[in-house]
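Below: the structure, in structure tokens.
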Amino acid sequence: MSISEPLESAPAPGGLPPAQYDPAATEPAIYERWLQAGCFTADAARASRTGGDRDAFTMVMPPPNVTAILHVGHGLNNTVQDVIARHARMRGFETLWVPGTDHAGIATQNIIEKQLAKEGLTRQDLGRDAFVARTIAFVDETGGVILEQLRAIGASADWSRTAYTFTPALSRAVREAFVQLYERGLIYRGHRVIHWCPRCLTSLSDEEAEPRETTGALYHVSYPIADEDLAPGEERRALSVATTRPETMLGDVAVAVNPTDERYAALVGKHVVLPILDIRIPVVADEYADPEFGTGVVKITPAHDANDFEVGRRHDLPMPVVIDEHGILNEVTDADGRVPAALRGLDRFEARTRLVEMLKQLGRLERTEVHRHAVRHCYRCDTVVEPRLSDQWFVRMAPLAEPALAAVRAGRVRLLPEKWVGVYEHWMSNIRDWNISRQLWWGHRIPVWYCSACDPPQNVIVSREDPAACPSCGGPVVQDEDVLDTWFSSWLWPMSTLGWPNTASVDLRTFYPTDVLVTAPEIIFFWVARMIMAGFAFMGDAPFHTVYLHGTARDTQGRKMSKSLGNGIDPLDVVRLYGADALRWTLVAGMGLGADVMLDPADLEKSFATGRNFATKLWNIGRFLLVNAGTEPVRALDDVSPGALARADVWILDRLDVAVRECDRAIGPMQPARDRWIGEELGAGLRLNEYAESARRFVWNELADWYLEAIKTRLLTPGEDQQVARAVLVHVFDRALRLLHPIVPFVTEALWQRLPGHVDGTFLATARWPVPAADTETNVLVGEFELLRQIVDALRRTRSDYGVPSSQTIDAFVLADPIHRQMLVDEFSLVARLARTRLAFVEWAPTGPAANVILPGGTELVVPLEGLVDTKKECGRLRAELAGLETQLTALEGRLRNPGFVERAPSHVVDSERAKSEEWRKRRDLLRARIEGLCGAD
RNA sequence: GGGCGAAUAGCUCAGCUGGUCAGAGCGCCUGCCUUACACGCAGGAUGUCGGGGGUUCGAGUCCCUCUUCGCCCACCA
């Protein structure tokens, strides 16, 4: 493709790009060309670990759930990753960004079940195979949409390596991990009370059962003491027991008191009568009972409360199950006669009401009080979770957590922002075993088979391959019905997407460990911590060295954007209206590290104007370049003799260096210098908003506002100097585009392709990141141009202060030292153009009303105000200014007289304060003189 | 009940290891369609940096406390 061929689908008349940047017409074509050129495809052969000459840089994309299309939160997540990936690529790393999606077990199953419910069906009606087939069809569709969305926002992922947590390859990884852990004794089958969702009919992990503050009731029930010797006529005493879930009392097998609780010491070993059922249950002593809470007596229901379960085990108590999997009261296990006919078959909440009634009638309900407490809800369907005794598979986490905790403490893995380290440490130090079985159909089947023919029966077979028959007895085997927690595939993601468990995989050898993981802090425990544990468990190393934890996208009321609230923003809407660059710029530039980003879903224009405006500005700088500098190739900057450079050229080149350094500093090192992060680097870097701001300031406030204005005349005047200006302009703009490309890839690429001298077939996406010039001493011309800017600023301010119409040119007198005077003579026409002011060079101050400006270096500007200003008003203004100045000066000089300050403050601070005081004093004297001259002494 | 974080211009926020910062974007006011850009240009206003106390020569920047919001964790029946 030649440069004359337009990138947009609708070329502008006259061969120039249109004044208004049209992202919709530009972005898709550019993205297509990147793909065709293979810009995002990583090649292991080029990477140093496998014989190439480049360091590898790898990221794995947190796989979005295939349940729904992406919202702006995903846009944020993937934009951050893309900025990092593109920057790494430009830095010369062999960059691999692995995209993919997650099958999202329970979440996806719920969606399909909801669809079925609309058709009046249940999953059981379909049967397991048909249900799974239907889910696969759904996932294929949404998964495809998600990948399209990612491309639309410009994600430079390597699509040839697109992964999915439920492919055969990933299933092998899942099974291998399970078997390895089982062989190491880290997976066990446990009879435990777990969180159970009676609607989803599955167990939930601690993280999936979300506690929610709820107002409920605390029922005080009296349990009569059974075997106390009673004096004749004496009322039988009772223990008062509080509960929030009275229906569970049908499963009570004991009441517990604290062993140190003297009030009840005598009762330990005796019995109480369980009301309604009228059966005797023992009083046990257990630490779990808190003497401070309520009466200090707690009922023990081992099958329906996790803590009670532990107490039950310690005291070897029976564990009757009285609530079934649907949350309905029934005699499930070991519960002979425990559920009265009146309650059998009732929903748990209905049963609660009924049972409370019964207690009242028996006179066993002492009182009921309002009680606020946390009740766990299913994170998918919001049903109140029911603790339930069942057989589940668990991973023993403590041994896995150890190296993962040490890695963060040692700086092998850093968390940004650092505040999350404490949270991570706390959680990892108190880690609990991970229940990995889910009673679902959608997910990786647990690789466990049972042989009932064996003796003993229920022989457990854990295998990498599906066994055809029982290895011991040759009998038939049945696979465990359950599937694995969806995170059991996610925690292997950085390895499995690169080929694990095949350790000979080229990708695994080349690109593992990965570098940066970008995700949200709410899944530190679900995912990040577990990936680190898996990394050490299966590969012997951390899966990445940096975890970048970004904030949440919220609406104007601070609510998290979500589909259920309907306050989400579809990134594609933004892309369609303002372009992917606008979306990306707004998100990256507007968000501090780890901070939330507020957007208004009702006003996309307001939310994304910043980004759109910026893209347009860039576009117009490009237009300026093409209009005024033409499209003929320019000289390389190296071929321009330094002596030929004008003040403005030297200045903008200096500013470019400063900008590059600032961007580099904000981004920080891409990888730790050695095998871990040390010292300052631990918490530094990836300040993408600072990087964006430095680049923006350079290109807008320096390049566009000053440099372009300064060289207009030169560009239009044929000759040697024109060529110099063109060379510098093209060079500087080229570097600016490189700096900005990671954030706004489309508009920068579109412009870069049009730069004079662009070589066909080369892409900004794979061009090199700018390198700042070696730190040389600042050219004196830089300072001179700075002074020039200050003079123009001062003149503009003066004009504005006095309301001079912009059409009117004014005069100003300069009292300058010889050096500055010569400089101003040189730049006379520039000042005249930028400030609409004619400079005159004099040694004396003109009389009459005038505005004075003192500039650093001793240059003084005097702008006569004859005919521009009301003398009386000006006197008032001057007096007010003098008063303010004197106050400040007094404070400043007081500080300078303070020995503490002078002796202990850094010398550069003291020096600058002295200089300031000098300046202010001069200015004060000047003001006084002017007031005297203008207003008379009074 | 613990732990963490935040309170800075009308709004959304930057301000890293105490001394060039009292700042940016959006909004607002004034003047400009100046041949790249009105999605723009030039100029401008607005803040006892949540309250109070302390450390220091010096504090948005460190310590204590209070207030108000978030977030995470927690077995309190």
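Side chains included, hydrogens not; waters and symmetry mates left out as well; all remaining heavy atoms used. None of the values given here were measured: they were computed from a predicted structure.
- Note on A/Lys712: every side-chain N or O is 4.0 Å or more away from OP1 and OP2 of B/U35.
- Every pair passing side-chain hydrogen bond (donor to acceptor under 3.5 Å, both in side chains) that includes a residue from residues 688-700 of chain A is listed here, sequence neighbours excluded: A/Glu662-A/Ser694, A/Glu662-A/Arg697, A/Glu693-A/Arg696, A/Arg696-A/Asn701, A/Arg697-A/Glu702.
- Side-chain atoms of A/Asp286 do not come within 3.5 Å of backbone N or O of A/Ala256 as any donor-acceptor pair.
- Nucleotides B/G60 and B/U48 place their P atoms 14 Å apart, quoted to the nearest Å.
- Listed pair A/Arg623 / B/A36 fails the phosphate criterion, with no side-chain N or O lying under 4.0 Å from OP1 or OP2.
- Proximity of a side-chain donor or acceptor of A/Arg584 to a complementary backbone N or O of A/Ile743 within less than 3.5 Å is detected.
- Distance from the side chain of A/Phe525 is smallest for B/C73 among the nucleotides B/A36, B/C73, B/U56.
- Rounded to a whole angstrom, the distance from the C1' atom of B/G5 to that of B/G10 is 25 Å.
- Pairing partner, B/C13: B/G23, with both Watson-Crick or wobble hydrogen-bond distances short of 3.5 Å.
- Taking the side chain of A/Thr616 as heavy atoms from C-beta on, and the options B/U34, B/A77, B/C37, the nearest nucleotide is B/C37.
- Here the side chain of A/Thr798 pairs a donor or acceptor atom with the backbone of A/Ala794 at under 3.5 angstrom.
- Base contact: A/Ala905 has a heavy atom under 4.0 Å from a base atom.
- A donor-acceptor pair under 3.5 Å is formed between the side chain of A/Thr295 and the backbone N or O of A/Ser240.
- The listed nucleotides are B/G19, B/C37, B/A77; the one nearest the side chain of A/Tyr288 is B/A77.
- For B/C4 and B/C66, the P atoms lie 15 Å apart once the distance is rounded to whole Å.
- Checking side-chain atoms of A/Thr586 against main-chain N and O of A/Ala582 turns up a donor-acceptor pair under 3.5 Å.
- Nucleic acid contact for A/Ala704: base, since at least one base atom lies under 4.0 Å from a heavy atom of the residue.
- When heavy atoms are screened at a 4.0 angstrom cut-off, A/Arg897 is found touching no nucleic acid atom at all.
- The closest donor-acceptor contact from the side chain of A/Arg799 to the backbone of A/Arg836 lies under 3.5 Å.
- In A/Arg665, the CZ atom is not crowded: 12 or fewer heavy atoms of neighbouring residues, nucleotides or ligands sit closer than 6.0 Å.
- If you check every strand for non-hydrogen atoms under 4.0 Å, A/Arg796 touches sugar and phosphate atoms only.
- Nucleotides B/G52 and B/G40 have their C1' atoms positioned 48 Å apart, rounded to a whole Å.
- Closest to the A/Arg376 side chain, of the nucleotides B/G15, B/G40, B/C75, is B/C75.
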Can you check nucleotides 20-26 of chain B for protein contacts, nitrogen or oxygen pairs under 3.5 Å, and list what you find?
| residue | atom | partner | partner atom | Å |
| --- | --- | --- | --- | --- |
| B/G25 | O2' | A/Thr610 | OG1 | 3.0 |

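- Here A/Glu425 lies out of heavy-atom contact (under 4.0 Å) with every strand.
- Among the atoms of the strands shown, base atoms are found under 4.0 Å from some heavy atom of A/Leu708.
- Both distances falling under 3.5 Å, in either a Watson-Crick or a G-U wobble arrangement, place B/U67 opposite B/A7.
- We find the CG-OG1 distance between A/Leu625 and A/Thr631 to be 10.0 Å, quoted to the nearest 0.5 Å.
- The one candidate from A/Ile791, A/Asp793, A/Val792 that meets the side chain to side chain contact (heavy atoms under 4.5 Å, CB included) condition with A/Leu795 is A/Ile791.
- Heavy-atom distances to RNA chain B give each of A/Asn898 and A/Arg245 a nearest nucleotide, and the one nearer the 5′ end belongs to A/Asn898.
- In this structure, of B/A77, B/U34, B/A36, it is B/A36 that holds the atom nearest to the side chain of A/Asn620.
- The 5' end of RNA chain B is approached more closely, in terms of each residue's nearest nucleotide, by A/Leu625 than by the other of A/Leu625 and A/Thr244.
- Distances were taken from every side-chain heavy atom of A/Ser800 (C-beta onward) to each of B/G40, B/C75, B/G43; the shortest belongs to B/G43.
- Separating the P atom of B/C29 from that of B/C69 is a span of 34 Å, rounded to the nearest Å.
- Taking every side-chain heavy atom of A/Arg836 into account, B/U34 is the closest of B/C72, B/U34, B/A77.
- As judged by a 4.0 angstrom heavy-atom cut-off over every strand, A/Asp290 is placed among the base-contacting residues.
- When distances are taken from the side chain of A/Asp705 to each of B/C41, B/G43, B/A74, the shortest belongs to B/C41.
- Among the protein residues, A/Asp793 comes within range of the sugar-phosphate backbone only, with heavy atoms under 4.0 Å from sugar or phosphate atoms but none that close to a base.
- In terms of phosphate contacts, A/Arg895 brings no side-chain nitrogen or oxygen within less than 4.0 Å of OP1 or OP2 of B/G19.
- Applying the 90° criterion around 0 to the glycosidic angle, B/G60 comes out syn.
- For B/G15 and B/G50, the P atoms lie 15 Å apart once the distance is rounded to whole Å.
- For A/Phe901, the side-chain atoms get nearest to B/C57 when compared with the rest of B/A77, B/C57, B/C37.
- Taking 4.0 angstrom as the limit, A/Arg797 places a side-chain polar atom (N or O) nearer than this to OP1 or OP2 of B/G44.
- Comparing B/C37 with B/A45, their P atoms sit 29 Å apart, to the nearest whole Å.
- If you check every strand for non-hydrogen atoms under 4.0 Å, A/Gly668 touches nothing.
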